[in-house]
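Notes to accompany the following structure.
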Amino acid sequence: MVVSGFEVICLEEVGSTNDIAAEYAAIYPEHKLVIRARRQTAGRGRRGRSWQSLEGNLFFSMLFEFSLRDLGRLIMAASLSLVDVVKAYKPDADVRLKWPNDVLLNGNKISGMLLEKGAGNYMIVGIGVNITQSPQMPDMLYPTTSLAQAGIAATADDFLQKYLGVFAKNIDLTAASLRQRWLENAKNVGAKIKVLQNGKEQRGIFEGIDDNADLILRTDGGVQKILAGDVFYLGDENGGF
Ligand code: BTN
């Protein structure tokens, strides 16, 4: 099945859709693919964490050729498109982006993204969306929710269909306009945050992101660009998430 220029391959059960996408990158050149699975037995999250993959939720990986130099545009378009789809279901939804590419609904995580480089110029954009269930795991950094819990009656099939249509449009926007739209939809720009990077903690003001989607942090020592890490909002009632 082809949806918005992507050949969509739907599998019953895999370890991780990102791993299957990586295999396809080597054997199926010059194609735009989506690998989707109903179940993942070894779903992976960012920074070595696992992604609990409960049935009814959406797990997919997009595979296409994309220049690494343009990574910022890809990160912004892919995450912003998740917000756009949630708003297509419920225009007044309290849906917000949390750097680098988490999506929060009513302050809790509904979606995460794992970007990896495949063979050649391939990029793999793996996305998990909590459609009907919210995973609860002891090592989880953040509270989670699902679309169903927020009263949004979506199915994984329909969400994916809508997502690919929206992503196909957003990926053609310039970095500057994606950045502007990303910031309009971000949580807590201008607020105090803590950034954790490999055990190192930095505190400062979340000034926004640049065109590469790097985080801009104002600390006592000056302005810094952060390329990777986990963000916690300081002073939030729900434990700093
Ligand atoms: C995160 O928030 O830490 C990123 C989670 C990414 C999960 C998705 S589910 C589909 C794809 N396959 C994986 O193994 N991970 C991503």
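Computed from heavy atoms alone, side chains included, the values below leave out hydrogens, waters and symmetry copies. Start at 1 and go down the list; that is how both ligands and their atoms are numbered.
- For ligand 1 and F60, the ligand atoms under 4.0 Å from any heavy atom of the residue are 10 (C).
- D157 and R36 are joined by a salt bridge, as a carboxylate oxygen and a charged side-chain nitrogen come within less than 4.0 angstrom of each other.
- Residue contact check: D102 has heavy atoms under 4.0 Å from atoms 2 (O) of ligand 1.
- Contact atoms of ligand 1 toward S16: 12 (N), 13 (C), 14 (O) (distance under 4.0 Å to a heavy atom of the residue).
- With distances taken over non-hydrogen atoms, the option nearest atom 2 (O) of ligand 1 out of R46, K109, M113 is K109.
- Of the charged side-chain nitrogens involved, none lies within less than 4.0 Å of a carboxylate oxygen, so that K194 and D230 do not count as a salt-bridged pair.
- Between Y24 and Y122, the distance from one ring center to the other does not fall under 6.0 angstrom.
- Two residues are said to be in side-chain contact when any heavy atoms from C-beta on lie closer than 4.5 Å; F64 and L74 meet this criterion.
- At a threshold of 4.0 Å, the pair E55-R39 counts as salt-bridged, since one of the basic side-chain nitrogens sits closer than that to a carboxylate oxygen.
- Using a 4.0 Å cut-off to heavy atoms of G45, the atoms of ligand 1 that qualify are 1 (C), 3 (O), 4 (C), 5 (C).
- At a heavy-atom cutoff of 4.0 Å, ligand 1 is contacted by the backbone of I127 but not by its side chain.
- Considering both main-chain and side-chain atoms, W51 never comes within under 3.5 Å of ligand 1 through any nitrogen or oxygen pair.
- Taking every heavy atom of G43 and a limit of under 4.0 angstrom, the matching atoms of ligand 1 come to 14 (O).
- Comment: E116 engages R44 in a salt bridge, judged by a side-chain N to carboxylate O separation of less than 4.0 angstrom.
- Side-chain atoms of N57 and Q133 form no donor-acceptor pair, as typed in the model, at a separation below 3.5 Å.
- Of all the listed residues (R44, R36, Q40), Q40 holds the heavy atom that lies closest to atom 12 (N) of ligand 1.
- Note on D84 versus K87: no salt bridge recorded, every NZ/NE/NH1/NH2 to OD/OE distance being 4.0 Å or above.
- Residue contacts with ligand 1 for R47 are absent, since no atom lies close enough (heavy atoms, distance under 4.0 Å).
- Polar contact check, T17 against ligand 1: a nitrogen or oxygen pair lies under 3.5 Å apart.
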